[in-house]
Number of protein chains: 2
Amino acid sequence: MKSDLILQTAVSHFAKEGYEGASLSKIAEEVGIKKPSIYAHYKGKDDLFLSAVQYSLHTLKAQLAAYFNSMREEPLESLLLGYFEWLAKESRDNERMKFIIRVAYFPPLKLKTEVGELFNPFFNAMHRHLTRLLRERHRHEKVLYSEDFSNAALAYLTITEGVMNELVYSGMEKYNQRLQAVWPIFWRGLIR
Amino acid sequence: MKSDLILQTAVSHFAKEGYEGASLSKIAEEVGIKKPSIYAHYKGKDDLFLSAVQYSLHTLKAQLAAYFNSMREEPLESLLLGYFEWLAKESRDNERMKFIIRVAYFPPLKLKTEVGELFNPFFNAMHRHLTRLLRERHRHEKVLYSEDFSNAALAYLTITEGVMNELVYSGMEKYNQRLQAVWPIFWRGLIR
DNA sequence: TATAACCTAACGACCGTTAGGAAGGTGGAA
DNA sequence: TTCCACCTTCCTAACGGTCGTTAGGTTATA
């Protein structure tokens, strides 16, 4: 489907150049069509951008569900630490993650509301899912130091974002450096 | 000095709209001059942008030195935790911090090299300073769990960025939420 | 007298978008 | 089965607008 090809190309361009920096001409050129042809598939730049956000979040959500499901028999530390490896692998293979992070922190001003309406439910779902996961693991394994599962989940997400930013910006090497620096400290503070 | 006023206005615009999104017309308008008058002070948009980066990093560096100096008698936890409060206060009062973070993670593609040459020494200096600080504190207080001071400093910087991102994006309330979630865990993992 | 700081006017380039039409496939009516 | 209307997808051409930038002139300051 040409429509999907446009979308994926747009994700890549928006990730690298931002909303204002990306140009429909260049996107069209990479797809192999002319600029006005995009309007046969999307109403305009805004529509294309928001579609790209929606598509990226939807894909990520499905991948996350699959990952956590595949890891449900693993010990907690493997699961939480493996999540970083999984994110790194995903980010290496495509630019969706970079796009998501960029949009989350620096959305185009005029679409800030619409972007927020797409992101907030996603982050909240992630937070809730992690909170539930920690609570259930603790019930069986009694592994955590504190029983404030919500804050523990939030802390984990904060760490995730910190190292993810490094991954997006500086690449794999510095990312691994950060992860190896922060994880032992975080894990030691988390468990009892 | 008009030149500085242009610079500060530029920082604010670049922070909110990004390099591509910011326009010299709007910057000039806010300053109270016409667009071409900017060229009496800067060679062009690139020059203005890189000057803004240099100015912001220089200012931040001076402020950081002053902060760490003023806190040199405080216990380590106060110093490290107080740094977050200090960052939050700074970010509330001006948009320099938002600009710095935005540029650090998402520089304009065509200036990525130049931006990197300005940022890398700054981050490295920060990392070295923190490493030394932790080492010296540990010598007197024997407070840390691990003696890998470099990694401890890196971990701390990672946390800082995680919560700073939240501050820049979601504002003070969610920032405090994050900080309160992540700090007890991090601190417990750091000390012995 | 020279220089810095501002102005108006205008440049070419690129932007997102629209108009209008050609090609091709699809589905229903004759 | 043939035909025609329709829709989708692409095109060329062009629109108005904004962008960063330059030329050239005026004014005030040193």
Side-chain angles (χ1 to χ4, degrees), chain A residues 1-56 99 102-103 106-115 118, chain B residues 1-56 99 102-103 106-115 118:
Chain A
M1 202 78 139
K2 217 27 142 347
S3 197
D4 291 358
L5 182 56
I6 295 173
L7 204 59
Q8 285 162 29
T9 308
V11 166
S12 157
H13 281 239
F14 284 135
K16 277 184 277 200
E17 323 244 14
Y19 174 83
E20 294 89 356
S23 98
L24 296 184
S25 317
K26 289 184 191 165
I27 294 173
E29 192 185 355
E30 191 174 320
V31 171
I33 58 177
K34 299 296 175 184
K35 179 172 59 164
S37 306
I38 293 178
Y39 288 76
H41 302 270
Y42 301 94
K43 274 186 277 183
K45 196 181 189 183
D46 292 6
D47 184 32
L48 176 57
F49 180 81
L50 291 173
S51 298
V53 173
Q54 210 154 11
Y55 158 78
S56 298
F99 175 62
R102 177 164 206 158
V103 174
F106 303 107
L109 276 196
K110 63 171 194 163
L111 298 177
K112 183 162 186 175
T113 311
E114 291 86 339
V115 167
L118 293 173
Chain B
M1 202 79 138
K2 217 30 144 338
S3 198
D4 291 357
L5 182 57
I6 294 173
L7 205 60
Q8 285 162 29
T9 309
V11 166
S12 156
H13 281 240
F14 284 134
K16 277 184 278 201
E17 323 245 14
Y19 174 83
E20 295 88 356
S23 100
L24 295 184
S25 317
K26 288 183 191 165
I27 293 174
E29 192 184 356
E30 193 175 317
V31 171
I33 58 177
K34 299 296 175 183
K35 179 173 56 163
S37 305
I38 293 178
Y39 286 76
H41 302 270
Y42 300 95
K43 274 185 277 184
K45 196 182 190 183
D46 292 6
D47 184 33
L48 177 59
F49 180 81
L50 291 173
S51 299
V53 174
Q54 210 154 11
Y55 159 77
S56 298
F99 174 64
R102 177 166 204 157
V103 174
F106 303 107
L109 275 198
K110 63 170 190 162
L111 297 178
K112 183 164 183 170
T113 311
E114 291 86 338
V115 167
L118 293 173

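Each chain gets a letter, A, B and so on, in the order its sequence line appears, and its residues count up from 1.
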Q: With B:K112, which residues qualify under salt bridge (Lys or Arg N to Asp or Glu O under 4.0 Å), at least two apart?
A: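 With sequence neighbours excluded, B:K112 shows a salt bridge (Lys or Arg N to Asp or Glu O under 4.0 Å) to no residue whatsoever.
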Q: When the side chains of residues 38-48 of chain B are checked against the rest of the protein, which donor-acceptor pairs come out under 3.5 Å, sequence neighbours left out?
A:
unit_1 : atom_1 : unit_2 : atom_2 : d
B:Y42  : OH     : B:S3   : O      : 3.0
B:Y42  : OH     : B:S3   : OG     : 3.4
B:K45  : NZ     : B:Y19  : O      : 2.8
B:K45  : NZ     : B:A22  : O      : 3.0
B:D46  : OD1    : B:Y19  : OH     : 2.3
B:D46  : OD1    : B:K110 : NZ     : 3.3
B:D46  : OD2    : B:K110 : NZ     : 3.3
B:D47  : OD2    : B:K43  : N      : 2.9

Q: Atom CD1 of A:I33 to atom P of D:dT12: distance rounded to whole Å?
A: 12 Å
Q: Once rounded to the nearest 0.5 Å, what's the spacing between atom NZ of A:K2 and atom CG of A:L7?
A: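 Interatomic distance, A:K2 NZ to A:L7 CG, rounded to 0.5 Å: 14.0 Å.
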Q: Examine C:dA5: is either OP1 or OP2 under 4.0 Å from a nitrogen or oxygen in the side chain of B:K2? Give yes or no.
A: no
Q: For nucleotides 24-30 of chain D, print each protein N/O atom paired with a nucleotide N/O atom at under 3.5 Å, atom names and distance only.
A:
none

Q: Closer than 4.0 Å, any side-chain N/O of A:H41 to the OP1 or OP2 of D:dT8?
A: no
Q: Drop me the distance from A:L5's CG to A:I27's CD1, to the nearest 0.5 angstrom.
A: 11.0 Å
Q: With sequence neighbours excluded, give me every side chain to side chain donor-acceptor pair (under 3.5 Å) pair touching residues 26-38 of chain B.
A: B:H13-B:E30
Q: Roughly, in whole Å, what's the span from NE2 in B:H13 to P in D:dG20?
A: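 These atoms are roughly 12 Å apart.
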Q: Starting from C1' on C:dA4, measure out to OH on B:Y42 and report it in whole angstrom.
A: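 My rounded result for the distance is 15 Å.
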Q: OP1 or OP2 of D:dC11 versus the side-chain N and O atoms of A:S37: is any pair under 4.0 Å?
A: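 True: A:S37 side-chain N/O within range (under 4.0 Å) of D:dC11 OP1/OP2.
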Q: In Å, rounded to the nearest 0.5 Å, how long is the span from OG of A:S56 to CD of A:Q8?
A: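 If I round to the nearest 0.5 Å, the distance is 9.5 Å.
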Q: If you round to the nearest 0.5 Å, how far is CG of A:L118 from OG1 of A:T113?
A: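 Atom-to-atom, A:T113:OG1 and A:L118:CG are 11.0 Å apart.
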Q: To the closest 0.5 Å, what do you measure between NZ (A:K16) and CG (B:L109)?
A: 8.0 Å
Q: For the pair made of CD1 in A:I6 and P in D:dT8, what is the distance, rounded to whole Å?
A: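 In whole Å, D:dT8 P and A:I6 CD1 are 15 Å from each other.
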Q: Any non-hydrogen side-chain atom of B:I6 less than 4.5 Å from a side-chain atom of B:I33?
A: yes
Q: So if I define the base as every atom that isn't primed, P, OP1 or OP2, how would nucleotides 10-19 of chain C read as a B/S/- string at a heavy-atom cutoff under 4.0 Å?
A: -----SBBB-
Q: In Å and rounded to the nearest 0.5 Å, what is the OG to CD distance from B:S12 to B:E17?
A: 8.5 Å
Q: Nearest whole Å is fine: how far is C:dC6 C1' from B:L5 CG?
A: 15 Å
Q: Of all heavy-atom pairs between A:V103 and A:V115, which one has the smallest distance, and what is that distance?
A: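 That closest heavy-atom pairing would be CG1-CG1, 3.6 Å.
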Q: Between atom CD in B:E17 and atom C1' in D:dT18, what is the gap in whole Å?
A: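 My rounded result for the distance is 14 Å.
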Q: Nucleotide by nucleotide, 5' to 3', does protein get under 4.0 Å of the base (B), only the sugar-phosphate (S), or neither (-) in nucleotides 21-27 of chain C, counting heavy atoms?
A: -------
